[in-house]
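Just so you know, these numbers use all the heavy atoms, side chains as well, and skip hydrogens, waters and symmetry mates.
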Amino acid sequence: MKKIRFRFLSAAITVIALFLVSGSLAAQTTSGSSESRFALESTDLKVDAPVMKNITLKHAKPRLPNYYASVVTQKQRDDIRAIQNEYLPLIDILSARLDALRNEMNEKTRAVLSDEQRMKVERTAEDARAKRRSNRTAAE
């Protein structure tokens, strides 16, 4: 398991390094032009470097989309996996950015509350977690 995580971390670092070296996340469009399909520039990546250093690729071997397995040929499987391997690292990077933005928003939102309100919110959240845990154990 640790070897797999290390490989993914290595792959993520490689992908990020390639993006930084290339200067942007420019990708070929279907028309063959070199327009950027993604609105990310290298400066955006540098700003997000602290977020992206913790990224691990989530996809060991991409799975075919639902219901494809019974209808595609081996060549089509390979083509689909190549497409997935092109997009999934970018999706992982953008997901990490989105998570960081959500965390930042939540921190700023909590800062608006008074200490008493924060404690009440924390108690309510803990009660909800305890209720979910008890419902899970009851269902098992």
Side-chain angles (χ1 to χ4, degrees):
M1 187 66 161
K2 288 186 179 187
K3 284 184 180 181
I4 292 172
R5 280 197 175 136
F6 178 75
R7 283 188 205 155
F8 292 130
L9 183 59
S10 297
I13 291 169
T14 303
V15 167
I16 292 166
L18 289 173
F19 291 144
L20 291 174
V21 169
S22 70
S24 71
L25 296 175
Q28 291 289 328
T29 60
T30 54
S31 64
S33 69
S34 62
E35 294 176 23
S36 177
R37 191 181 298 161
F38 310 101
L40 295 176
E41 297 296 328
S42 61
T43 54
D44 293 330
L45 294 176
K46 289 175 187 168
V47 168
D48 290 336
V51 172
M52 292 190 303
K53 73 178 181 183
N54 297 325
I55 290 178
T56 56
L57 294 178
K58 300 172 187 170
H59 314 284
K61 180 179 180 185
R63 295 182 55 187
L64 290 174
N66 291 340
Y67 315 112
Y68 279 51
S70 63
V71 297
V72 296
T73 65
Q74 186 59 45
K75 169 134 179 38
Q76 289 171 318
R77 284 175 193 261
D78 295 339
D79 293 344
I80 290 168
R81 287 202 174 107
I83 293 167
Q84 290 172 326
N85 287 332
E86 176 185 349
Y87 283 90
L88 291 175
L90 296 173
I91 291 169
D92 290 341
I93 290 170
L94 293 172
S95 294
R97 291 182 82 192
L98 186 58
D99 290 343
L101 287 171
R102 280 192 181 119
N103 290 336
E104 183 180 328
M105 178 185 68
N106 291 336
E107 288 173 16
K108 287 182 178 181
T109 303
R110 282 180 48 87
V112 172
L113 302 176
S114 68
D115 291 338
E116 183 180 319
Q117 290 171 319
R118 269 192 292 266
M119 289 183 352
K120 186 172 182 179
V121 167
E122 288 171 15
R123 277 193 305 257
T124 305
E126 182 53 42
D127 291 345
R129 282 191 291 273
K131 185 176 179 181
R132 283 193 303 271
R133 279 192 298 266
S134 69
N135 287 344
R136 261 185 273 152
T137 56
E140 292 172 357

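- For the atom pair CG (Asn106) and CG (Leu101), the distance works out to 11.0 Å, reported to the nearest 0.5 Å.
- In this structure, the side-chain contact (heavy atoms from CB on, under 4.5 Å) partners of Ser114, at least two apart in sequence or on a different chain, are Glu116, Gln117.
- Listed by chain and residue number, Arg118 satisfy the side chain to side chain donor-acceptor pair (under 3.5 Å) test with Asp115 (two or more places apart in sequence, or in another chain).
- The salt bridge (charged side-chain N to carboxylate O under 4.0 Å, His left out) pairs that include a residue from residues 67-77 are Lys75-Asp79, where partners are two or more places apart or lie in different chains.
- Applying the salt bridge (charged side-chain N to carboxylate O under 4.0 Å, His left out) rule to pairs touching residues 130-139 yields Glu126-Arg133, sequence neighbours excluded.
- Residue Val121 belongs to a hydrophobic cluster whose other members are Leu113, with links defined by side-chain heavy atoms closer than 4.5 Å.
- Scanning for side-chain contact (heavy atoms from CB on, under 4.5 Å) contacts around Ile83 gives Tyr87, with sequence neighbours left out.
- For the 3.5 Å distance criterion, the side chains of Asn103 and Glu107 fail to qualify, holding no donor opposite an acceptor.
- By the 4.5 Å side-chain criterion applied to Ile, Leu, Val, Met, Phe, Trp and Tyr, Tyr68 is assigned to a cluster that also includes Leu64, Val71, Val72, Ile80.
- Judged as a salt bridge (charged side-chain N to carboxylate O under 4.0 Å, His left out), and not counting sequence neighbours, Asp127 has no contacts.
- Atoms CZ and CG, from Arg97 and Asp99 in turn, are 12.0 Å apart once rounded to the nearest 0.5 Å.
- The distance from the CD1 atom of Ile91 to the CD atom of Gln84 is 9.0 Å, given to the nearest 0.5 Å.
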